[in-house]
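Everything on this sheet refers to the single structure shown next.
Letters A, B, ... are given to chains in the order of the sequence lines, protein chains preceding strands, and every chain is numbered from 1. Values below: all heavy atoms of this structure, side chains included; hydrogens, waters and symmetry mates excluded.
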Amino acid sequence: MTDQRFDPSAADGRWQRAWEQAGTFTADSDSSKPKSYVLEMFPYPSGRIHIGHVRNYTMGDVLARYKRMTGHEVLHPMGWDAFGMPAENAAMEKGVHPGGWTRDNIANMKAQLKRIGFALDWTREFATCDPEYYGHEQALFLRLYEAGLVYRKESEVNWDPVDMTVLANEQVIDGKGWRSGAEVEKRKLSQWFLKITQFAEELLDGLGTLDKWPDKVRLMQENWIGKSQGLQFRFDLSDGNQVEVYSTRPDTIFGASFVAVAPDHPIAQGVAANNCDAAKFIDQCKRGATTAAALETAEKLGFDTGIGAVHPFTGQHLPVFIANFVLMDYGTGAVMGVPGHDQRDFEFATKYELPITRVVARSADDADAPFAGEAEAGDGVLVHSDFLNGMAVEEAIAAVIVRAEAGGWGEGQTVWRLRDWGVSRQRYWGTPIPFIHCDACGIVPVPEDQLPVTLPDDVDFKTPGNPLERHPTWKHVDCPQCGAAARRETDTLDTFVDSSWYFLRFASQPADKPFDRDEVAKWLPVEQYIGGIEHAILHLLYARFWTRALQHCGMIDFAEPFASLFTQGMVTHETYSRREGDRDIWYGPEEIERSSDGAVLVADGQPVDIGKVVKMSKSKKNVVDPDAMVDRFGADAVRWFMLSDSPPERDLPWSEAGIEGCGRFVQRLWRIVANGAPDAAGDANPALAKLMHRTIAGVAADIEALQFNKAVAKIYELTGAVEKAGPSPERAEAVATLPRLVSPMMPHLAESMAEALGTGGLVAEADWPTVDPALLVDDEVTIAVQVKGKLRDTLTVAKGMPREELEALALASEKVQRSLDGAEVRKVIVVPDRLVNIVA
RNA sequence: GCGGGUGUGGCGGAAUGGUAGACGCCGGGGACUUAAAAUCCCCUGAGCUUUGCUCGUGCGGGUUCGAGUCCCGCCACCCGCACCA
């Protein structure tokens, strides 16, 4: 008799070595099989694999393994998004080198991933901090430069005046620097930009081709790109100048009661030159962080310049304000304020007691309806608007544009919300931007044969700021053009650049260039990309842009990198805490004894409060360590839990009881085969055969739709039926099928099961079981019988029974007659094979 | 503030406009055992006048023979907002 318990601690490593020796997951680009590129967003090497990573990679792994079983040559690679701020923070806090810290983290995390048995092609692994990788990135950046897609301009950053350093948005807390506590200022620096706006129309149109992306992501990108049709027009000013404004709602022009310009608008600057109150106000606007959220939630503030703007239709003088909520980057940096129909303008007008006029109403009769304390941005008909009165909004917009163009004071225009991508970072741990500043020649690209421009190792992090900038020798080089003494660019690239082309490098890794066009063409676009919804806009838009830019440069032959996208939910966990004084003390799940009616702290046996189920985070200590779970339950139980219950796009609450249940299920499956191949004698069991074929077809469909929770439920159902069934040829066949059916989810158990059954070869390399379509059809159906929409009875009838027979059967039902209680039947609705509804 | 999403038993969830709660977890009862673990069987939305009836899918309306599903208006929570990755 075989051991009745499955021992993952022995089996997991054994099968992982078997796959590795067989090279099962090494992708062969010369294979004649259809190619399938399955990719999960590569991780930042923070130190430990998080359970959220495990969920992400398990989903991709199930698909990759399934694709292999269905005859595809699969590319399923893994690497490291290895540049970024945490390494520099570690350097500052612990005195370790960012490179060494990152390498150690990668080694640890790779070991963790290997224990879970992911079907990854590790031969293609790389880290973005490898000089080889970022050297190729520098070459690509220079190609974009040659194509005119790279330029420099002034742009605002968060400046910490005490630490004398640029802060990331996340380093600004309530408008103050996270280390110094000093109030952050906006400061202008000359920085590198990528012309993503040149592709705005393409990126927008391209969304229409991405029919395998979630609608929500396409909608978010569409709104982010923000194409709007509006009117750009000029107001004559009382000082003899003009101000150009842009509005998406020119229909509301008769409701304008002020004009507002951005603090860095030339008009504002001009006023400030002669007016120290204005200068002070602009200074005040410089305080605080640069984020849109900070700007928009801040109190709306304005400074009346005393200048009047002449309304193009009424000739009325509108006051011109400098306002903190107007952005220089969008439109013309100046707006007309229509308080009745724009919420920001409404708040502003209320504060500065400017008129609020209704120019759009539900109907002409509501022309003088009062506002309910807020602006009305919706649809309606124009009122109090001269020649526009009675028009619908769309119609009025067109009419105003026609008048403006005829009068020569404005033009209909398309404006994009999308801004160019600022890629400069004043930091060490990133890809050096390959340019040299020469006093004589200006900005000179580093010649390609001098790439990569590598980071110096001897840097210090004792003081804040960019170590490249203060390095004694690194930036001092000779100009490649004239040979005179010159300076290296000390900005490094945004890490989003690193993740904008890594999927190309996975597909092809020549030493002498970023990628090989023909190799890339074999695998790309990625068939299935999986990652967090938090990347819905930035990463995915940048990667789309980069792909189009490379296409534009003639380096690749496709426009969209990811054919199908899936965004998975987070892994969450209960929180445990105690209130002590005015703060919460958090406890980790390993410090807690959980029972059905509460939780106690193991250390003192006293109860703790069970808090909300929230995203796992170190600060709330509600994290579970994947390694510890693999130790206790084995890789397959952890994988199974990642796939069970919650739909993959939703959050998954981790629970001790849940993982224990998964551990039990692994053993249940094992018991079915623990004594070897089952007896194939006994009476035929056609019902089990049907269930098995339905399960194979259903699990396949669920995996392809990434609905793993449903596949899991179907496997539970079949397992239960197999356990209950007595010996039969059908049961023997079902048992023989189980290992392949569960292999994508529980690959180690599947191999051990097949071994116990005496099946030769690796399940990971086996074919997916075939379905007999004849067994998927049912000949009986249960139909619902309703009286006035309420269920009163059910009938089991032959499939395809005609309407008349169904109606007669339903009316003959004793329960129906009792429920009708003699009432007259007015109507009978029959849906064949579904239901009969009797309306009395 | 703006953009996007989610909401169904004690819990995770299932359900082409057609039998709400599949499947799993927790809990209760029983079997096996000297005992426990493991395992197996049964029950498990709420309420009631319990052969059955009523209520029930965040809240308030609506469309429909029929709404978790479609429409309108709210509420709560989550994600993103361009230097976190």
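One finds no side-chain N or O of A:Asn837 lying less than 4.0 angstrom from the OP1 or OP2 phosphate oxygen of B:G66. Phosphate contact (OP1/OP2 of B:C53, side-chain N/O of A:Arg792, threshold under 4.0 Å): present. For A:Arg650, a side-chain nitrogen or oxygen approaches OP1 or OP2 of B:G13 to under 4.0 Å. Contact check, A:Thr495 against B:A85: a side-chain N or O comes under 4.0 Å of OP1 or OP2. The phosphate of B:U54 has neither OP1 nor OP2 within less than 4.0 Å of any side-chain N or O from A:Lys790. Residue A:Arg425 places none of its side-chain N or O atoms closer than 4.0 Å to OP1 or OP2 of B:C84.
Distance, A:Trp640 CH2 to B:C25 C1': 14 Å, rounded to whole Å. Computed from coordinates, the A:Glu656 CD to B:G12 P distance equals 18 Å when rounded to whole Å. At whole-Å resolution of the value, CG in A:Asp793 and C1' in B:U19 are 11 Å apart. Atom pair A:Glu347:CD and B:G1:P shows a separation of 9 Å (rounding to whole Å applied). One can place CG of A:Leu219 at 16 Å from P of B:C2, the figure rounded to the nearest angstrom. At whole-Å resolution of the value, CZ in A:Phe641 and P in B:C26 are 12 Å apart. Atom CG in A:Asp702 sits roughly 15 Å away from atom P in B:C23 (whole-Å rounding).
In terms of position along RNA chain B, the nucleotide closest to A:Lys815 lies nearer the 5' end than the nucleotide closest to the other residue of the pair A:Ile533 and A:Lys815.
Of the candidates B:U19, B:U51, B:G12, B:G12 carries the atom nearest the A:Ser646 side chain, counting heavy atoms from C-beta on. In this structure, the nucleotide among B:G18, B:C40, B:A20 sitting nearest to the side chain of A:Leu791 is B:A20. Here B:A85 is the nucleotide among B:A85, B:U19, B:A82 with the atom lying nearest to any side-chain atom of A:Pro86. Comparing B:C53, B:U19, B:C2 against the side chain of A:Gln786 picks out B:U19 as the nearest. Listed candidates were B:A85, B:C65, B:C25. Nearest to the side chain of A:Lys827 is B:C65. Distances were taken from every side-chain heavy atom of A:Asn709 (C-beta onward) to each of B:A14, B:G1, B:A82; the shortest belongs to B:A14. Minimum atom distance to the side chain of A:Val839 is reached by B:C65, of the listed B:U19, B:C65, B:U39. Closest to the side chain of A:Thr297, out of B:G1, B:G13, B:A85, is B:G1. Residue A:Leu418 has its side chain nearest to B:A82 when only B:C79, B:C23, B:A82 are considered. Side-chain proximity of A:Met85 to B:A85, B:C40, B:C78: nearest is B:A85.
Remark: the A:Asn223 side chain and the B:G3 base include no donor-acceptor N/O pair separated by less than 3.5 Å.
Looking at heavy-atom distances under 4.0 Å, A:Glu222 makes no contact with the nucleic acid at all. Using a 4.0 Å heavy-atom criterion, one finds that A:Lys710 contacts the sugar-phosphate atoms exclusively. Nucleic acid contact for A:Ile715: none, since no nucleic acid atom lies under 4.0 Å from a heavy atom of the residue. Within 4.0 Å (heavy atoms only), A:Pro43 reaches no atom of the nucleic acid at all. Residue A:Thr794 is classed as a base contact, given a heavy-atom separation below 4.0 Å to a base. Base contact: A:His535 has a heavy atom under 4.0 Å from a base atom. Within the 4.0 angstrom heavy-atom criterion, no nucleotide atom of any strand lies near A:Thr567. Nucleic acid contact for A:Ala293: base, since at least one base atom lies under 4.0 Å from a heavy atom of the residue. Within the nucleic acid shown, A:Arg664 comes within 4.0 Å of sugar-phosphate atoms alone, with no base atom in reach, counting heavy atoms only. Residue contacts shown for A:Gly422 are limited to sugar-phosphate atoms, with no base heavy atom under 4.0 Å away. The residue A:Glu649 sits apart from the nucleic acid: no heavy atom pair falls under 4.0 Å.
Side-chain atoms of A:Asp81 and A:Ser499 include no donor-acceptor pair closer than 3.5 Å. Inspection of the A:Thr431 and A:Glu137 side chains reveals an N or O donor paired with an N or O acceptor under 3.5 Å.
Taking the C1' atom of each, B:C75 and B:G61 are spaced 15 Å apart, rounded to whole Å. The same atom, P, is picked in B:G56 and in B:C41; the two are 36 Å apart, to the nearest Å. Atom name C1', nucleotides B:G24 and B:A36: the rounded distance is 26 Å, in whole Å. Taking the C1' atoms as reference points, B:G62 lies 28 Å from B:G9, given to the whole Å. Going from the P atom of B:A20 to that of B:C25 covers 26 Å, rounded to whole Å. The gap from the C1' atom of B:G58 to that of B:C40 amounts to 40 Å, rounded to the nearest Å. Taking atom C1' in both B:U57 and B:G12, one finds a spacing of 15 Å when rounded to whole Å. For the P atoms, the distance from B:C26 to B:C32 is 23 Å, rounded to whole Å.
B:C25 is paired with B:G10 under the Watson-Crick or G-U wobble criterion, all donor-acceptor distances under 3.5 Å. Across all strands shown, the partner of B:G80 is B:C2, judged by Watson-Crick or G-U wobble contacts whose two distances both fall under 3.5 Å. Across all strands shown, B:C53 forms a Watson-Crick or G-U wobble pair, both distances under 3.5 Å, with B:G47.
Ionic pairing of A:Arg694 and A:Glu717 is not present here: no N-O contact between side-chain nitrogen and carboxylate oxygen is shorter than 4.0 angstrom.
Under the ring-ring contact (aromatic ring centres under 6.0 Å, His included) test applied with A:Phe42, the options A:Tyr502, A:Tyr529, A:Phe503 reduce to a single match, A:Tyr502. When each of A:Met570, A:His573, A:Gln568, A:Arg55 is paired with A:Leu652, the side chain to side chain contact (heavy atoms under 4.5 Å, CB included) condition holds for A:Arg55 and for no other.
Between A:Phe348 and A:Phe325, the ring planes are perpendicular. Angles over 60° get that label, and only those under 30° would be called parallel.
Within the 6.0 Å centre-distance limit, the rings of A:Phe641 and A:Trp654 are counted as a close aromatic pair. Checked against the 6.0 Å centroid threshold, A:Tyr542 and A:Trp421 count as a close aromatic pair.
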Check step by step if ring pair (Phe, Tyr, Trp, His ring centres under 6.0 Å) holds for A:Phe665 and A:Tyr716.
CA-CA 9 Å; A:Phe665 184 64; A:Tyr716 274 125; 4.5 Å; yes
